[in-house]
Amino acid sequence: MASGPSKLYADDVSLLVVLLDTNPFFWSTFSLQFSEFLSHVLAFLNSILLLNQLNQIVVIATGCSSCSYIYDSSSDSNPGSEFGNMPRLYSNLLQKLEEFVARDEQLLKAGKQGAIASSLLSGSLSMALCYIQRVFRSGPLHPQPRILCIQGSPDGPEQYVAIMNAIFSAQRSTVPIDSCYIGSNNSAFLQQASYITGGIYYRPPQLDGLFQYLSTVFATDLYSRAFLRLPKSVGVDFRASCFCHKQTIDMGYVCSVCLSIFCEPHKKCSTCGSVFGQAQLDVASEASRKRMASDTKWCSGSNDKIGTGIVEVCVKSACRSVVGCFTGFLGM
Amino acid sequence: MPQVKIIAKNFMDMVASMPAMKLDKLYDNGFICEAILRSMPPLGKKYVLQMLYIDVPVTSKSMEEWVFPDGFSKHKISIDRLVQLRVFTETFDKKKEKSYKINPVFQRNLQKLLVRGGNLPREPMPSNIVRLPSLEDLEIYALQQWECFLLQLISSNQAERPTNISSSLMKVFQRGLMSYRDKEAPKLTESGFQFLLMDTNAQLWYIIREYISNSEERGVDASDLISFLLELSFHVTGEAYNINTLTDFQGSVIKDLADLGLVKVQQGRKESWFIPTKLATNLSASMTESSSRKEGFVVVETNFRMYAYSSSRLHCEILRLFASIEYTLPNLIVGAITKESSYNAFENGITAEQIISFLQQNAHPRVAERIPSVPENVNDQIRLWEADLNRVEMTPSYYYDEFPSRDVYEGACDLAREYNGLLWENDKKMHMVVTAEVHSEMEKVWKGSIPHPQQRNVAYWGNGNLIFVFIIV
């Protein structure tokens with residue numbers, strides 16, 4: 001749904017959906033304590049609420065086998081008042097977070113015993129987009145939404161398709177995805193997410209000043225982004241994961257019908273069921289010949305015409321040029 | 001057109017114009033810091049957040065590098081605003097380079113807010129002691145109270161139940177809006193009429209500003225008043241707060257505010273409490289028009305008839321400013337916009353633009369969806385009626401006579417035509433009128449400093465007489 005952002009609200013009113021990585025496998029091995037990390041993030045969240053009384057924050061925790069909403073400022077009736085000796089934002093969020101981590105741990109134990117190092121980013125991205133869609137449909141008056149992923153654990157290649165789908169739907173509804181990646185290597189998923197949706201990808205070089213990075217880079221509302229120099233991404237890792245073994249590859253085989261990616265040649269596409277190697281001449285009816293014709297691809301190397309078949313391509317999402325064709329397969 | 005200035009923007013401008021000493025004192029209160037932060041332009045807010053934990057001055061040159069070249073004007077405005085509000089202080093180093101530093105008091109308070117959250121000086125009372133009105137009831141109460149106040153403001157005898165605002169305070173509010181002539185009923189001035197056509201928030205700002213600027217005369221420190229008003233705007237709408245927690249000064253202010261509809265005061269068996277309404281909590285908000293929009297009630301038809309679904313006497317009074325009211329039913333006011341009624345409005349200093357924007361802003365939801373919400377023919381006609389009144393234009397010009405010869409006269413006429421400034425001529429009597437700008441040009445030619453464009457020999461040493469010509473447009 002293309003929802004045109006309404007100009008009725010002031011320019012800088014924002015709805016910020018924060019995806020918080022709570023993966024215990026990552027935090028147990030990371031140099032920065034989770035509690036210290038939280039204190040930076042909480043101050044950042046509070047500062048967003050401070051900037052405008054119409055600003056809204058939603059926090060979603062990304063665990064390793066589940067994800068959940070842990071804070072929503074619109075349902076928090078009294079954000080300013082104090083509870084104990086902490087602002088209510090902090091105490092509410094921390095309590096929900098604790099419950100979530102305990103539940104996530106139980107789910108992990110109940111599930112199969114495989115060492116999963118990645119978090120369920122696809123799940124929390126989808127939840128964030130669902131929330132934003134609900135806001136879009138609630139009426140003409142809504143703040144400008146954006147998503148911020150604060151992620152540390154490495155990418156899970158098995159989530160590739162789900163994450164890419166979420167990214168494209170965010171792109172369609174013009175919701176930028178900002179990524180603050182604190183892990184050691186760059187995250188290819190988040191780089192692509194921010195690149196495609198027009199968000200900011202940034203990896204803070206020093207983590208003890210995390211609040212300063214968050215407030216300098218990620219607190220910028222969408223209106224001010226047109227005027228401010230913000231970090232630009234240099235070199236995005238566009239590699240994809242194959243559908244058969246969930247490996248990250250940069251060259252692979254693509255079904256010419258549904259564009260599924262495989263790391264090795266197959267006789268039949270496991271996604272759409274097309275059988276490769278069928279000679280085009282065998283097709284009898286006129287109608288299906290037309291359909292075939294539209295599926296015809298051209299090999300960019302030798303300029304050969306390829307019918308229904310499996311082709312070897314560069315699978316980087318920005319490139320997708322066909323590098324080889326298997327004429328033998330096609331029987332042509 | 002008379003220039004009438006009613007600027008009811010927001011009182012941050014007023015805060016900004018306060019002397020430095022008082023401003024610094026205001027920043028001792030964390031809520032004021034928050035309200036000030038929220039009132040700033042988006043870039044300004046961003047800069048404050050960015051500088052919040054930086055203790056050393058940042059040079060203006062390096063700040064300029066934060067923005068793209070096309071955002072530079074916005075950057076400049078934001079920085080100026082920050083300096084004006086003394087949130088940023090300018091310092092110059094040895095090389096005379098300008099750098100900025102965040103106000104330490106402001107900085108400390110904001111940091112405290114971030115880490116520990118805001119802390120109101122009073123807690124809401126538990127709901128088992130007080131019975132709270134519903135939010136809708138509260139809003140209706142607030143608007144009723146406000147309308148009652150306005151009605152009393154414009155015609156003191158019409159209010160059904162007079163508010164408790166002392167007549168001296170009422171006079172203060174009326175200053176500028178009403179004119180008192182001896183032995184005559186007070187009349188609304190031009191700004192008074194315009195005031196009535198503004199939306200509620202703008203009116204509220206105007207009144208609050210008058211209230212604050214008058215505070216010194218009543219022996220109250222303006223900064224105390226501002227800080228209390230801002231603090232009040234951070235209370236939660238619809239929660240009850242004990243009046244005992246207020247100082248004597250604040251208690252007296254609360255009474256005035258209750259009359260304006262900003263708070264509702266209730267009396268229990270032992271204690272009394274106040275409940276802030278939406279009007280109060282909107283005070284510190286950087287208000288956009290839409291956040292304060294209420295449902296409209298006026299339908300204008302293409303035959304100039306106007307139906308207003310309202311039972312409010314105030315609405316009736318406002319509509320009477322520019323329309324002739326034919327009859328009022330319990331929930332409906334019927335009238336028509338006529339030539340006479342709009343002339344009446346124009347005479348009182350209301351412009352066609354204001355009438356139309358009032359009709360548009362208060363359009364009934366059924367017609368508000370239509371574009372335009374006011375029929376085009378009505379729209380155009382109101383503007384035409386206004387244009388009718390401005391048919392005469394005054395042009396300073398010079399009257400020439402007693403030319404020595406017809407030759408000189410014709411030369412001068414041609415010259416004036418050349419400059420496109422000949423207003424009137426009479427060949428028989430050899431008289432002509434030229435505009436003032438052209439006269440000064442022509443003078444140069446008479447004096448020979450510029451040759452005549454057609455090489456005609458002109459020698460006229462008269463000066464012409466300054467007159468005013470009225471041109472009917």
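What's counted below: heavy atoms across the whole structure, side chains too, no hydrogens, waters or symmetry copies. Quick note on labels: first sequence line is chain A, next is B, and so on, each numbered from 1.
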- Could you check L43(B) against L228(A) for side-chain contact (heavy atoms from CB on, under 4.5 Å), going step by step and ending with a plain yes or no? CA-CA 9 Å; L43(B) 274 187; L228(A) 286 172; 3.7 Å; yes
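- The interface of residues 203-217 of chain A with chain B, defined by heavy-atom distances below 4.5 Å, comprises F211(A), Q212(A), S215(A), T216(A).
- Taking both residues in full, the closest heavy atoms of A43(A) and L114(B) are given as O-CD2, 3.5 Å, listed atom of the first, atom of the second, then distance.
- The minimum heavy-atom distance between L51(A) and R38(B), with the atom names listed, is O-CG, 3.4 Å.
- Between chain A and the options I54(B), D70(B), V48(B), L37(B), heavy-atom pairs under 4.5 Å are most frequent for L37(B).
- Shown here is E64(B), whose CD atom has more than 12 heavy atoms of other residues, nucleotides or ligands within 6.0 Å.
- When all heavy atoms are compared, the tightest approach of R225(A) to F68(B) is O-CE1, 4.3 Å.
- Between the side chain of R229(A) and the backbone N or O of V67(B), at least one donor-acceptor pair lies under 3.5 Å.
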- Item | Residue pair K46(B), F227(A): steps toward the side-chain contact (heavy atoms from CB on, under 4.5 Å) verdict | CA-CA 12 Å; K46(B) 180 79 207 322; F227(A) 316 115; over 6 Å; no
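- Using a 4.5 Å cut-off between heavy atoms, E65(B) touches chain A through its backbone atoms (N, CA, C, O) alone.
- Of the atoms belonging to Y47(B), it is side-chain heavy atoms, and not backbone ones, that fall under 4.5 Å from chain A.
- Side-chain contact between Y90(A) and V115(B): absent, with no pair of heavy atoms (C-beta onward) separated by less than 4.5 Å.
- Side-chain contact between K45(B) and N52(A) is present, with at least one heavy-atom pair separated by less than 4.5 Å.
- Separating the CG atom in L49(B) from the CD1 atom in I48(A) is a distance of 7.0 Å, to the nearest 0.5 Å.
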